[in-house]
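Below is one structure, written out as structure tokens; the observations come after it.
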Amino acid sequence: MRIRNALLVGFAFLGLGLAQEFITIGSGATTGVYFPVATGMAKLVNDAGVGIRANARSTGGSIANINAIAAGEFEMALAQNDIAYYAFQGCCITAFDGKPVKGIRALAALYPEVVHIVARADAGIRTVADLKGKRVVVGDVGSGTEQNARQILEAYGLRFEDLGQAIRVSATQGIQLMQDKRADALFYTVGLGASAIQQLALTTPITLVAVDLAKVQALAKKYPFYVGFNIPGGTYKGAEVTTPTVAVQAMLIASEKLSADTVYKFMKAVFGNQEAFKKIHPNLERFFSLRKAAKGLPIPLHPGAERFYKEVGVLK
């Protein structure tokens, strides 16, 4: 009888184990905003006890995340809205031109991702045009930053080949190069107040390089995901003047292969308690709105997310 009971208990635990679904969320560099946001969402899901276990994975960024979903390595990821659109349409950038990724679905728009152009104060860089001939960190291979850097330089009639050196490394490595005087400037598309830029500003005098209003308008016309954005003075040490630039939108995406039920449970666990969700990161506290989360999405909405939004009255 004891053996039989032990077997029954064992099978019961086995059944519980089989009932668990595992979701890996692709994020970005550990010093950016994607990683703490993804980690925070995973914790909310794990604490909710809805039969889903989630974890966050540090990655190279948007393009890498989308490719990982397509390859079945990740179930969800954070990505820039412009990159998600290019991937789904199979257009506009080399990574996806003629190679559409149709298996991604939208879950939520989260917060603005600001294109920061950070220069060493001693590098003599005052405008984007001054980047010509300089050593510039243009973002990790497979990141949205790399594409934004390419497009902003293009608006000024510049290409990567016009730089003294186009350095493709992670933000963490780029910050180190700036501190060591081995890079003159850095592009970084990231949420406002990113810790990596704050840390750089504490050790190295910096300036933020503005994107001219006329260039903002030209960019937005050619690439409609760009919006004008002002980085408030004082956000980073030494950058006391408000700096105009452009921003895109961070969004949460998922594989279309995830069931509607799984995505619905995930959405309810993460977004059901707005107070807990917004505590994950200041950018969510400042910018996230559930009513805006399902608006203007550049790729189709996942049915599980649609069910959640209808339940909370965001969609009809």
Side-chain angles (χ1 to χ4, degrees), residues 22-47 52-69 71 73-84 104 107-116 118 137-149 168-179 186-202 235-236 247-255 266 269-271 276-288 293:
F22 293 90
I23 290 176
T24 297
I25 308 169
S27 60
T30 55
T31 52
V33 177
Y34 276 9
F35 186 73
V37 168
T39 301
M41 289 192 293
K43 186 177 187 306
L44 288 177
V45 171
N46 294 336
D47 291 347
I52 301 172
R53 300 296 298 174
N55 72 295
R57 188 86 57 84
S58 176
T59 73
S62 296
I63 294 174
N65 287 344
I66 291 168
N67 285 333
I69 287 179
E73 296 170 15
F74 298 162
E75 288 73 38
M76 294 183 182
L78 291 162
Q80 295 176 198
N81 62 345
D82 54 337
I83 303 301
I104 54 174
L107 299 186
L110 299 176
Y111 58 86
E113 288 203 88
V114 184
V115 182
H116 294 73
V118 186
V137 177
V138 296
D140 209 349
V141 174
S143 68
T145 295
E146 183 184 15
Q147 305 308 321
N148 299 141
R168 291 177 173 85
V169 295
S170 70
T172 305
Q173 293 168 303
I175 295 298
Q176 188 65 55
L177 292 175
M178 292 276 282
Q179 290 171 329
L186 168 94
F187 279 86
Y188 193 13
T189 304
V190 67
L192 196 66
S195 62
I197 300 176
Q198 288 180 336
Q199 290 165 15
L200 173 63
L202 290 174
T235 302
Y236 306 102
V248 289
Q249 190 83 2
M251 61 184 295
L252 180 64
I253 63 173
S255 168
F266 180 95
V270 172
F271 300 106
F277 175 66
K278 289 186 175 185
K279 282 182 180 176
I280 290 174
H281 196 276
N283 274 290
L284 297 174
E285 188 75 54
R286 184 172 181 179
F287 296 112
F288 181 78

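Below, each value reflects all heavy atoms present in this structure, side chains not excepted, and no hydrogens, waters or symmetry copies.
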Problem - Stepwise side chain to side chain contact (heavy atoms under 4.5 Å, CB included) check, Val37 with Leu78 - result: CA-CA 9 Å; Val37 168; Leu78 291 162; 4.2 Å; yes
Handout entry: Atom of Gln198, atom of Thr235 and distance for their closest heavy-atom approach
Key = NE2-O, 4.0 Å
Exercise for the section: Sequence neighbours left out, what passes ring-ring contact (aromatic ring centres under 6.0 Å, His included) with Tyr236? Give chain and number order. Expected result: His116
Exercise for the section: Evaluate the side chain to side chain contact (heavy atoms under 4.5 Å, CB included) criterion for residues Phe35 and His281: first the C-alpha distance (whole Å), next the side-chain angles of each, then the deciding distance (0.1 Å), finally the verdict. Expected result: CA-CA 10 Å; Phe35 186 73; His281 196 276; over 6 Å; no
Practice task
State which residues pass side chain to side chain contact (heavy atoms under 4.5 Å, CB included) with Gln173; sequence neighbours excluded, sorted by chain then number.
Solution key: Val169, Ser170
Distance-only check: which donor-acceptor pairs under 3.5 Å involve side-chain atoms of residues 188-195, not counting sequence neighbours?
from   : atom 1 : to     : atom 2 : distance (Å)
Thr189 : OG1    : Asn148 : OD1    : 2.8
Ser195 : OG     : Thr31  : O      : 3.0

Handout entry: More than 12 heavy atoms from other groups under 6.0 Å of CZ on Arg168
Key = yes
Handout entry: Ala254 to Leu107 - nearest heavy-atom pair and separation
Key = CB-CD1, 3.8 Å
Problem - Student check: side-chain heavy atoms of Asp140 and Glu146 closer than 4.5 Å - result: no
Practice task
Walk me through it: do Phe266 and Ile25 pass the test side chain to side chain contact (heavy atoms under 4.5 Å, CB included)?
Solution key: CA-CA 12 Å; Phe266 180 95; Ile25 308 169; 4.2 Å; yes
Practice task
List the atom of Ala79, the atom of Tyr34, and the distance in Å for their closest heavy-atom pair.
Solution key: C-OH, 3.1 Å
Practice task
Could you please spell out the steps behind the side chain to side chain contact (heavy atoms under 4.5 Å, CB included) verdict for Ile253 and Phe74?
Solution key: CA-CA 10 Å; Ile253 63 173; Phe74 298 162; over 6 Å; no
